[in-house]
Amino acid sequence: GAFVAAVAAALGIGYVRRSSRVSYDTAIAIFFVSAFSLGILIFSRRTSYTPDLISYIFGDILSVSNTDLLGELILGAVVVLFILAFYRELVMVAYDPAMASASGLPTGMFEYALLVLIAAAVVVGLQAIGIVLVSAILIIPPATAGLIADRMPHIMAISIILAVLASITGLHASFHASVAAGPAIVLVSTIIFGITLFITSLCQPKIEDKIKL
């Protein structure tokens with residue numbers, strides 16, 4: 001059910017973006033708020049409204065079962081295999097859709113495919129860290145990797161390493177500090193981003209130095 005809803009939202013975002021002048025950021029915000037409100041509305045009809053809602057918003061990584069892990073493993077494998085199979089096409093469509101279209105690539109299909117892949121990634125992390133925090137764990141590690149590397153394969157590899165590192169460190173921190181695991185993972189990832197940003201900003205030459213050079 002979560003996968004179907006996520007894919008439907010992704011296709012809706014793609015349709016709004018391609019059929020109007022609305023940007024991706026605006027379309028995502030509209031669908032996120034609308035879908036989130038619909039979810040709260042549905043949950044409000046249940047007797048166990050509050051605890052269920054909290055678990056879906058912030059996740060409960062300790063409640064993930066072996067069956068959940070198997071399903072997430074299969075879904076994650078599908079995402080990875082699709083990226084490996086169409087890596088060049090996806091990168092071209094993401095960074096230069098005009099050139100991709102001129103090259104004869106079906107840009108519309110690949111744009112929708114990218115959105116569906118993002119939806120699948122959201123579903124994979126939904127139960128572990130919740131709908132609010134899953135977007136952070138999808139954005140922060142790649143943003144951190146982008147400060148270190150400038151080639152897409154390197155950014156992808158570093159993003160995976162940073163996400164795993166943040167997950168393990170956050171779980172240990174949540175256990176020893178008796179705090180929620182999902183927010184702890186996201187905050188660790190944010191701290192890594194802050195440290196990386198500080199170090200890279202020190203290593204880069206200042207604007208005045210670039211002008212002198």
Pair up each side-chain donor or acceptor in residues 162-170 with any protein partner under 3.5 Å, not counting sequence neighbours, and list the distances.
unit_1, atom_1, unit_2, atom_2, d
S167, OG, A163, O, 2.8
T169, OG1, L165, O, 2.8

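Hydrophobic cluster membership of L187, counting Ile, Leu, Val, Met, Phe, Trp and Tyr whose side-chain heavy atoms lie under 4.5 Å apart directly or via other members: none, as it forms a cluster of its own. Here L81 is tied to no hydrophobic group at all, with no ILVMFWY side chain closer than 4.5 Å. In this structure, V80 shares a hydrophobic cluster with L84, the cluster being traced through Ile, Leu, Val, Met, Phe, Trp and Tyr side chains under 4.5 angstrom apart.
In the hydrophobic clustering of this structure, I185 does not group with V188; members are Ile, Leu, Val, Met, Phe, Trp, Tyr whose side-chain heavy atoms approach within less than 4.5 Å, directly or through other members.
Sorted by first and then second residue, the ring pair (Phe, Tyr, Trp, His ring centres under 6.0 Å) pairs involving residues 161-184 (not counting sequence neighbours) form an empty list.
Under the side-chain contact (heavy atoms from CB on, under 4.5 Å) rule, T144 has a single partner from T196, I139, T200, which is T196.
Legend: residues meeting side-chain contact (heavy atoms from CB on, under 4.5 Å) with I191, ordered by chain and number and at least two apart, are I195. Applying the side-chain contact (heavy atoms from CB on, under 4.5 Å) criterion to A149, with sequence neighbours excluded, gives H154, I155, I158. P106 is linked by a side-chain contact (heavy atoms from CB on, under 4.5 Å) to M109, F110, counting only residues two or more places apart in sequence or in another chain. Residues that satisfy the ring-ring contact (aromatic ring centres under 6.0 Å, His included) test with F82, not counting sequence neighbours, are F86. Legend: residues meeting side-chain contact (heavy atoms from CB on, under 4.5 Å) with T190, ordered by chain and number and at least two apart, are I140, V186.
Contact of the P141 side chain with the F193 side chain is not registered, since no non-hydrogen atoms from C-beta on lie closer than 4.5 Å. The shortest side-chain heavy-atom distance between I83 and M156 falls under the 4.5 Å cut-off.
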